[in-house]
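One-based numbering, in listed order, for ligands and for the atoms of each.
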Amino acid sequence: MNGYCCIACAQAQSVDFADFVCPACGGNLEITYDYADIREEFVPDYDYAPFLPVSRLDAPFPLKVGRTPLIAAPRLGESLGLRNLYLKDETSNPSASTKDRASAIVLRRAMDVGARTIAVASTGNAGSSLACLAAALDMRAVVFVPETAPVAKLTQALAFGATVLAVRGNYDDAFDLCLKASDEFGWFNRSTGYNPFTREGKKTCAYEIWEDLGRVVPDRVVVSSGDGNLLSGMWKGWRDLHAAGLIDRLPKIDCAQSENSAAICNTVRRLRDQGDSSPDWSNVVVDEVKAITVADSISVDRPRDGLAAVKSILQSGGEAITVPDQEILSAIPEIARSTGVFAEPAAAAPWAAVKQLADNKTIDADELVVCLVSGSGLKDIASAATAVGKPLAVEPNTGSVREVLAISV
Ligand SMILES: Cc1ncc(COP(=O)(O)O)c(C=O)c1O
Ligand SMILES: [Zn+2]
């Protein structure tokens, strides 16, 4: 890395900058690189060290973060007439969500600056991820979650030995509290978006998709969004490859949100309605909503990397898609039954969004589409259970099985 640049006002900071957000306007920062150097150093083969802002990458990480499968999903695609649909299955990360990519880079950064206690605000996954990786590295994690977070995510964080603070409030309250507590107690704050290193971890997913596809750029990558950091990370990954001269086109990044938590999509639509697809970013205010969605991971009132996400969607020409909660829930068994991948609600939202794009003919049958499956269905069994029916109850004899299945001999 060679410095930072503010997403809002574009003010640059030197590589030695020790704070998290822009000192001029409070905006989130993007880490910058000298791409000519990277071009010289980089050899494609799943080693992204030249593109990463941390040292000690030669020391092996104790857990396998990233290198997740890219799965062709022909049967799922066929149901909409799509011939080139893929899933990037992030459920196979150590804590079963894509958040591990961000945690790995933030923990490396924490080591670089000599921090040992890392705090995070989380809807659940960032917290369980930080707890998991911190346990592997013998570091201390302090996790702020809304008290309503799914029990599996809380239990993961506790099992990994994190200090878990269940905040009587929502994710936004947890975020603000984590910020204040980190300042007061001197903890290194991993919170999404606020810490510019989270985006740098998430971007590695784009590099892998490119390599997995045989160094081909897809037409669309569909990402679910709460804070918007996952989405802006995905866009950063493709921009990095482009800036380093490794690819000559960019994909559209489509944003999937619940219609009950749609701050980013609302903002994109507003700007497009105003005919303002490349506004003065320092004047753009991202909408706030009162979020209430079954997809807990993307239930966010005030997106903490919202501007970066809005910018990514508009710059890439992607769609802003909002889907009803019921369609997010139905998407869980649809994905599972035709691919064998079990998604939590937020991770099923991209498929629900693709269905909407196909229905309104925004997407062509031959487009190469990648849906990011960002977290495992095992993290929120209660939600999945509402969409998958009940087991068939039988007596322990085959007569009962025959009866229940209505098998005639
Ligand atoms: C499974 C899953 N998908 C998507 C997201 C959205 O990421 P972001 O909040 O950066 O938009 C999250 C964030 O918690 C998540 O846990
Ligand atoms: Zn700024």
Quick check on ligand 1: any N or O pairs to the protein under 3.5 Å? One line per pair.
{"from": "ligand 1", "atom 1": "3 (N)", "to": "Ser374", "atom 2": "OG", "distance (Å)": "2.6"}
{"from": "ligand 1", "atom 1": "9 (O)", "to": "Asp227", "atom 2": "N", "distance (Å)": "2.8"}
{"from": "ligand 1", "atom 1": "10 (O)", "to": "Asn229", "atom 2": "N", "distance (Å)": "3.0"}
{"from": "ligand 1", "atom 1": "10 (O)", "to": "Leu230", "atom 2": "N", "distance (Å)": "2.9"}
{"from": "ligand 1", "atom 1": "11 (O)", "to": "Gly226", "atom 2": "N", "distance (Å)": "2.7"}
{"from": "ligand 1", "atom 1": "11 (O)", "to": "Asp227", "atom 2": "N", "distance (Å)": "3.2"}
{"from": "ligand 1", "atom 1": "11 (O)", "to": "Gly228", "atom 2": "N", "distance (Å)": "2.7"}
{"from": "ligand 1", "atom 1": "14 (O)", "to": "Lys99", "atom 2": "NZ", "distance (Å)": "3.0"}
{"from": "ligand 1", "atom 1": "14 (O)", "to": "Ser297", "atom 2": "O", "distance (Å)": "3.4"}
{"from": "ligand 1", "atom 1": "16 (O)", "to": "Asn125", "atom 2": "ND2", "distance (Å)": "2.7"}
{"from": "ligand 1", "atom 1": "16 (O)", "to": "Ser297", "atom 2": "OG", "distance (Å)": "3.3"}

Asp89 side, atom CG; Ile71 side, atom CD1 - distance, nearest 0.5 Å: 4.5 Å
Under a 3.5 Å threshold, yes or no: a donor from one side chain and an acceptor from the other, between Thr322 and Gln257? no
Using the rule ring pair (Phe, Tyr, Trp, His ring centres under 6.0 Å), only one of Trp210, Tyr207, Tyr33 pairs with Tyr48; which is it? Tyr207
So is Arg190 actually on top of Phe197's ring, under 6.0 Å and inside 45° of the axis? no
Going through the distances and angles, do Glu200 and Arg101 end up as a salt bridge (Lys or Arg N to Asp or Glu O under 4.0 Å)? CA-CA 9 Å; Glu200 298 304 295; Arg101 294 180 185 272; over 6 Å; no
Would you please indicate if the ring centroids of Phe188 and Phe20 are separated by under 6.0 Å? yes
Provide the closest heavy-atom pair for Pro44 versus Glu211 in the form atom of the first, atom of the second, distance. C-OE1, 3.5 Å
With a cut-off of 2.8 Å, which protein N/O/S atoms are close to the Zn ion (ligand 2), if we only count those under it? Cys6 SG, Cys9 SG, Cys22 SG, Cys25 SG
Could you go through the salt bridge (Lys or Arg N to Asp or Glu O under 4.0 Å) check for Arg83 and Asp364 one step at a time? CA-CA 9 Å; Arg83 288 188 273 268; Asp364 289 336; over 6 Å; no
Using the rule given for side-chain contact (heavy atoms from CB on, under 4.5 Å), can you reason through Leu29 versus Phe17, listing the C-alpha separation, both sets of side-chain angles and the distance that settles it, and then say yes or no? CA-CA 11 Å; Leu29 296 174; Phe17 180 70; 3.4 Å; yes
